[in-house]
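Here's the structure, in structure tokens; my notes come after.
Heavy atoms only: backbone and side chains are in, while hydrogens, waters and symmetry mates are out.
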Amino acid sequence: MVRAPIIAPFRKLMTTRSKPTIVWFRDDLRLTDQPALHAAVTSGRPVLCIYIFDQVSEGVRPLGAASRWWLHHSLASLDDKLRTIGGRLFLFQGATEAVVAALLRTGIEGLMFNRRYQQAERRIDDAVVDLCRREGVAVEDFVGSVLHEPWEVIPKTGGFYKVFTPYWRAAVAHGPTLPPMGVPGPMAKSAPGPRVEGGPVALEELGLLPEISWDGGLCDTWEPGQDGAQRALDLFLREKVESYATDRDRLGVAGSSRLSPHLRFGEISPREVIAALERRAGSSAEKFAAELGWRDFNTALLFHVPDLSTAPFHKSYARFPFTKLTPAALAAWQHGRTGYPVVDAGMRQLWQIGTMHNRVRMITASFLVKHLLADWRIGERWFWDTLCDADPANNPLNWQWIAGCGNDPVPYFRIFNPVLQGEKFDPDGAYVRRYVPELADLPDRWIHKPWEAPSDVLVKVNVVLGKTYPAPMVDHAKARVRALDALRRHRETLDRDQA
DNA sequence: TGCATCTTCTG
DNA sequence: AGAAGATGC
């Protein structure tokens, strides 16, 4: 371990004052409903708020580019918020254990944090707890950003839930989640950030922002941070939640809550969202509450089966003969040039604004794993890099679900038809027109299948298939039959193995 | 949180 | 002919 130099005059300063308690922020970048911060501030001791940007510890999955962009702005916002209660945020980078060890040597009273639920992160946290105990530093951890912790909702027969519906029934029966805490009062004057190896560093030094500025669409779309999260929640409750159950499926309508990246970084807790929802009963509110349940369910599943982000839940799929995509085919999917308008609109929405309508996530993912027969991990990695809400549990598990290798997956024969899905959920083509502007003038009738439009129509709207917009990269009917054959064969192999 | 195809019913 | 329902992948 690297021994960090301790600056002598600073140490003297520390010993003459009461030692600070560290509040270690992680995926909980908020002041509201923040148990660790609340406990530290109400103790009346000096509080030192820190964040450690750790991409190097064993097993930690490096953040994708969109998540890095989000984190940058979220950290800036958290620092602003902390200043409103007399604190500020000190940033460090490097291996967590080394940074914490160095900090402890500067004289620390205690360490507080809210729990995480992924394997690598829990190993780090356990090591930090051990470190504190060895050094005689009081350490306290609190419930993380979930409604229920993974070990709280388990079947009577033991093990863990593999199907959402029984999980959610049990979670609801388990009783109400903790009422969210408010913002703690002003904190004791914040201790200065001790200088150690790894920090404190300026936000810019973390290098989270893109080097070439591709983030214009993200900047125009999102307001990372606690205030943005609260605003999104207010807007959702005011204008969207009533019709959520129906509007969420309409691609051209902004019917979703847009809370997912805020929840991912813990800028708002699901307990706060539930508390706000409970003031308004109704089936739409319940539908939305269940969506929060999905987040917990996936978190719990990953907790119980740590390799789910890379390994199929159904092990037989490790041997599935995926098609190796050509670089051109992969790029066509990634950048929205498949020739299927609704698929291309979704992939371009993702690239431009770091999110994608949930139904379109299913359509585009299904296209990659069924029409192109690609390994779901290829798509998972792309989403991980481009989604602002890329979540270590939700992203891989949703991909496993659509690929058919997950716990409780879609049946293998369920293959989305991108034309029918477009016609059903984007009947006026508003979504396609927004993200595939070269098709904007096509009449509704052809907007989801330009290759069927009569040539005089195409001429009139300046569409030349293969030039201004790609011809379909695969034929839906043929690709569907090919996928059904491959998946059925795979299934027969399975049955034979088991027999 | 599907799709395609077949059957039956109705005008 | 076309809607509506049933069925297998």
Side-chain angles (χ1 to χ4, degrees), chain A residues 162-169 243-253 255-257 260 283-284 286-295 297-298 301 313-314 316-317 320 338 340-343 345-346 349 355-373 376 379-380 383 389 391 393-427 431 445 448-449 452 472 474-496:
Chain A
K162 296 159 194 79
V163 177
F164 175 72
T165 309
Y167 168 86
W168 187 233
R169 203 178 300 127
S243 50
Y244 176 73
T246 49
D247 277 359
R248 64 187 231 123
D249 257 338
R250 299 172 55 193
L251 312 191
V253 175
S256 66
S257 72
S260 59
S283 63
S284 275
E286 273 157 38
K287 184 107 185 155
F288 187 72
E291 296 302 318
L292 294 170
W294 272 102
R295 305 182 63 81
F297 175 63
N298 286 335
L301 211 59
F313 185 87
H314 288 290
S316 69
Y317 275 80
F320 184 83
T338 67
Y340 285 92
V342 78
V343 173
Q349 179 184 33
T355 191
M356 197 196 298
H357 190 285
N358 187 53
R359 174 160 287 277
V360 191
R361 294 188 197 200
M362 295 187 258
I363 299 168
T364 56
S366 176
F367 190 85
L368 185 76
V369 300
K370 305 235 162 136
H371 289 75
L372 303 182
L373 278 178
W376 60 275
E380 195 277 336
F383 276 26
D389 65 25
D391 181 276
N394 296 326
N395 193 47
L397 290 177
N398 288 338
W399 274 95
Q400 293 219 34
W401 175 79
I402 201 79
C405 61
N407 55 294
D408 198 26
V410 293
Y412 74 91
F413 47 79
R414 189 177 289 168
I415 295 174
F416 286 80
N417 179 330
V419 177
L420 294 183
Q421 288 286 314
E423 288 172 347
K424 191 164 172 195
F425 298 108
D426 186 33
Y431 182 74
R445 183 165 173 205
H448 293 291
K449 44 184 177 189
E452 286 188 15
V474 291
D475 175 77
H476 165 71
K478 284 189 198 138
R480 177 173 179 273
V481 169
R482 183 176 72 143
L484 284 173
D485 283 351
L487 291 158
R488 197 183 315 107
R489 259 201 312 279
H490 177 248
R491 186 165 227 223
E492 283 161 6
T493 325
L494 250 186
D495 293 344
R496 216 173 31 244

> Do you know which two heavy atoms are closest between A:His448 and A:Asp426, and how far apart they sit?
Replying inline: NE2-O, 2.9 Å
Might you list the N or O atoms of the protein lying below 3.5 Å from N or O atoms in nucleotides 2-6 of chain B, with each pair's distance?
from  : atom 1 : to       : atom 2 : distance (Å)
B:dG2 : OP2    : A:Arg414 : NE     : 3.2
B:dG2 : OP2    : A:Arg414 : NH2    : 3.4
B:dG2 : O3'    : A:Gln421 : NE2    : 3.2
B:dG2 : N2     : A:Phe413 : O      : 3.1
B:dC3 : OP1    : A:Asn417 : N      : 3.1
B:dC3 : OP1    : A:Gln421 : NE2    : 3.2
B:dA4 : OP1    : A:Asn417 : ND2    : 3.1
B:dA4 : OP1    : A:His476 : NE2    : 3.3

> Between A:Phe164 and A:Trp168, how do the two ring planes meet: parallel, tilted or perpendicular, split at 30° and 60°?
Replying inline: parallel
> Can you list the steps and then say if A:His371 with A:Thr338 is a side chain to side chain contact (heavy atoms under 4.5 Å, CB included)?
Replying inline: CA-CA 11 Å; A:His371 289 75; A:Thr338 67; over 6 Å; no
> Should stems be defined as at least three consecutive Watson-Crick or G-U pairs with both distances under 3.5 angstrom, which of them involve DNA chain B?
Replying inline: B:2-10 with C:1-9
> Between B:dT1 atom C1' and A:Arg248 atom CZ, what is the distance in whole Å?
Replying inline: 8 Å
>> In whole Å, I'd like the distance from the CG atom of A:Asp247 to the C1' atom of B:dT1.
In response: 17 Å
> Can A:Asp485 and A:Arg482 be said to form a salt bridge (Lys or Arg N to Asp or Glu O under 4.0 Å), step by step?
Replying inline: CA-CA 5 Å; A:Asp485 283 351; A:Arg482 183 176 72 143; over 6 Å; no
> Taking the side chain as C-beta and beyond, is there a heavy-atom pair between A:Phe383 and A:Asn394 under 4.5 Å?
Replying inline: no
> Between the side chains of A:Gln400 and A:Tyr317, does any donor sit under 3.5 Å from an acceptor?
Replying inline: no
> Given A:Phe367, which of A:Tyr340, A:Trp376, A:Phe416 fulfils the ring-ring contact (aromatic ring centres under 6.0 Å, His included) condition?
Replying inline: A:Tyr340
> Within a radius of less than 6.0 Å around CZ of A:Arg250, do more than 12 heavy atoms belonging to other residues, nucleotides or ligands occur?
Replying inline: no
